[in-house]
Amino acid sequence: MPDRIASGVVFTTPPALPRGRHELPRERILAAQREKMLIAATELLAGEGYRGFGVREICARAAVSRAAFYECFADKDACVYAAYDRFIEVFLERLADNAGTGGDWAAVVGGFVTTYLETLDRDRVTARAFQVEMDALGRPARQRRRQAVERLARFVRDLRGDTPGAPLSAYVGAIYALRQIASDALDSGDEPDLTALAPELTTWLTRMVEENR
């Protein structure tokens with residue numbers, strides 16, 4: 001049985017809907033069902049891998065009907081991509097909320113790296129789904145990953161104070177390096193302390209950007 005996500009980090013487990021006749025608006029019911037399906041798809045992706053489940057398993061785990069599924073998503077991939085998009089949006093929100101400013105560039109990078117790793121650490125099921133297993137969806141998933149990395153790279157470039165037209169290459173390289181090391185730790189089969197990676201990563205990511213700007 002796949003592990004459960006940590007509610008309240010990226011996804012929030014909705015309360016149980018009342019049985020029988022009730023007066024809840026259809027929009028509220030559909031929103032709750034959609035969240036349950038996003039959670040189910042994420043848990044199944046993390047625990048079974050992309051080829052290990054389908055729409056039937058998502059519906060069974062979320063306790064929703066196939067009709068409800070197809071009211072929200074065209075197919076399994078659409079559900080997984082919607083969950084991934086949420087993951088990235090939450091990441092960017094948390095990074096923005098915790099972004100450092102000022103002249104101490106190493107402190108700014110340290111804050112970014114620490115927030116990145118802490119967000120993964122708080123919900124390792126979701127982290128594993130989208131840091132490790134997501135690429136199995138093929139080219140569209142890789143394209144989404146590239147877009148996400150570029151968004152994070154622009155975010156760091158803005159923190160650095162570079163002009164919007166400044167090359168992204170050093171920042172993209174730094175984000176890919178951070179992402180890969182975190183992904184390898186999550187895929188190791190152990191229970192690594194992700195946040196313990198922050199000091200060393202901060203040191204060489206700071207240098208990497210400074211030397212290649």
Side-chain angles (χ1 to χ4, degrees), residues 2 5 9-11 34-35 37-55 57-58 62 69-96 99 109 112-113 115-117 119-160 162-188 194 201 205 208-209 212-213:
I5 58 102
V9 180
V10 176
F11 307 99
R34 187 178 191 277
E35 187 77 356
M37 288 184 277
L38 294 177
I39 291 170
T42 300
E43 292 171 346
L44 289 164
L45 180 61
E48 305 294 340
Y50 173 68
R51 293 175 178 80
F53 69 99
V55 170
E57 287 75 20
I58 293 173
F69 180 90
Y70 287 112
E71 192 170 353
C72 294
F73 305 107
D75 53 27
K76 178 179 97 170
D77 285 5
C79 182
V80 172
Y81 288 142
Y84 178 75
D85 291 345
R86 168 82 68 82
F87 173 70
I88 295 301
E89 291 305 320
V90 168
F91 240 113
L92 288 167
E93 289 172 8
R94 290 185 179 277
L95 291 167
V109 174
F112 175 89
V113 170
T115 300
Y116 183 97
L117 295 172
T119 303
L120 295 179
D121 207 38
R122 288 181 62 194
D123 186 354
R124 293 192 178 209
V125 171
T126 299
R128 177 172 176 77
F130 299 122
Q131 293 275 127
V132 178
E133 300 293 344
M134 183 71 177
D135 282 359
L137 274 76
R139 181 174 293 175
R142 294 193 296 272
Q143 177 63 25
R144 263 182 163 78
R145 183 240 296 149
R146 286 192 291 272
Q147 291 170 349
V149 167
E150 288 181 3
R151 290 180 69 184
L152 290 170
R154 290 190 184 93
F155 178 84
V156 178
R157 184 179 64 183
D158 291 345
L159 291 179
R160 185 73 172 103
D162 272 351
T163 59
L168 268 181
S169 56
Y171 299 99
V172 168
I175 298 300
Y176 267 118
L178 173 60
R179 182 187 185 279
Q180 190 60 50
I181 289 172
S183 298
D184 286 347
L186 288 164
D187 198 32
S188 67
L194 295 178
L201 286 173
L205 288 175
M208 180 179 178
V209 171
N212 291 280
R213 290 177 66 225

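A distance of 6.0 Å separates CG of Leu120 from CG of Leu186, quoted to the nearest 0.5 Å. The CD atom of Glu150 sits 5.5 Å away from the CZ atom of Arg154 when rounded to the nearest 0.5 Å. With rounding to the nearest 0.5 angstrom, the CD1 atom of Ile181 is 7.0 Å from the CG atom of Leu205. With values rounded to the nearest 0.5 angstrom, Gln143 atom CD is found 10.5 Å from Tyr81 atom OH. Separating the OG1 atom in Thr126 from the CD1 atom in Ile5 is a distance of 5.5 Å, to the nearest 0.5 Å.
A ring pair (Phe, Tyr, Trp, His ring centres under 6.0 Å) check over residues 131-151, counting only residues at least two apart or in different chains, returns nothing. Residue pairs meeting the salt bridge (Lys or Arg N to Asp or Glu O under 4.0 Å) criterion with at least one member in residues 70-82, sequence neighbours excluded, are Arg26-Glu71.
Partners of Thr115 by side-chain contact (heavy atoms from CB on, under 4.5 Å), not counting sequence neighbours, listed by chain and number: Arg94, Leu95, Asn98, Thr119. Every residue was checked against the side-chain hydrogen bond (donor to acceptor under 3.5 Å, both in side chains) condition with Glu48, not counting sequence neighbours, and none meets it. Listed by chain and number, the residues in a side-chain contact (heavy atoms from CB on, under 4.5 Å) with Ala96 are Phe155 (sequence neighbours excluded). Scanning for ring pair (Phe, Tyr, Trp, His ring centres under 6.0 Å) contacts around Phe11 gives an empty result, with sequence neighbours left out. Listed by chain and number, the residues in a ring pair (Phe, Tyr, Trp, His ring centres under 6.0 Å) with Phe73 are Phe69 (sequence neighbours excluded). For Tyr176, the side-chain contact (heavy atoms from CB on, under 4.5 Å) criterion is met by Arg145, Arg146, Val149, Val172, not counting sequence neighbours. With sequence neighbours left out, the side-chain hydrogen bond (donor to acceptor under 3.5 Å, both in side chains) criterion links Arg151 to Glu89. Glu133 pairs by the side-chain hydrogen bond (donor to acceptor under 3.5 Å, both in side chains) definition with Arg128, not counting sequence neighbours. Scanning for side-chain contact (heavy atoms from CB on, under 4.5 Å) contacts around Glu57 gives Leu44, Phe53, with sequence neighbours left out. Residues satisfying the side-chain hydrogen bond (donor to acceptor under 3.5 Å, both in side chains) criterion with Tyr84, sequence neighbours excluded, are absent altogether.
Asp187 places none of its side-chain heavy atoms less than 4.5 Å from the side chain of Gln131. No side-chain heavy atom of Leu152 sits under 4.5 Å from any side-chain heavy atom of Leu178.
Annotation for Ala83 and Phe130: closest pair CB-CZ, 3.5 Å, computed over non-hydrogen atoms. The two residues Leu38 and Cys79 make their nearest non-hydrogen contact at CD2-O, 3.6 Å. In plain terms, the two heavy atoms of Arg179 and Asp135 that are nearest each other are NH2-OD1, 4.4 Å. Across all non-hydrogen atoms, the minimal contact from Ala185 to Leu194 is CB-CD2, 3.6 Å. Taking all atoms of both residues into account, the shortest heavy-atom contact from Ala41 to Val80 is CB-CG2, 4.3 Å. Considering every non-hydrogen atom in both Pro2 and Gly47, the closest pair reads CB-CA, 4.2 Å.
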Give the C-alpha distance, both sets of side-chain angles, the deciding distance and a yes or no for side-chain contact (heavy atoms from CB on, under 4.5 Å) between Phe87 and Asp123. CA-CA 11 Å; Phe87 173 70; Asp123 186 354; over 6 Å; no
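Listed for the Arg86 side chain is a donor-acceptor partner under 3.5 Å among the backbone atoms of Val10.
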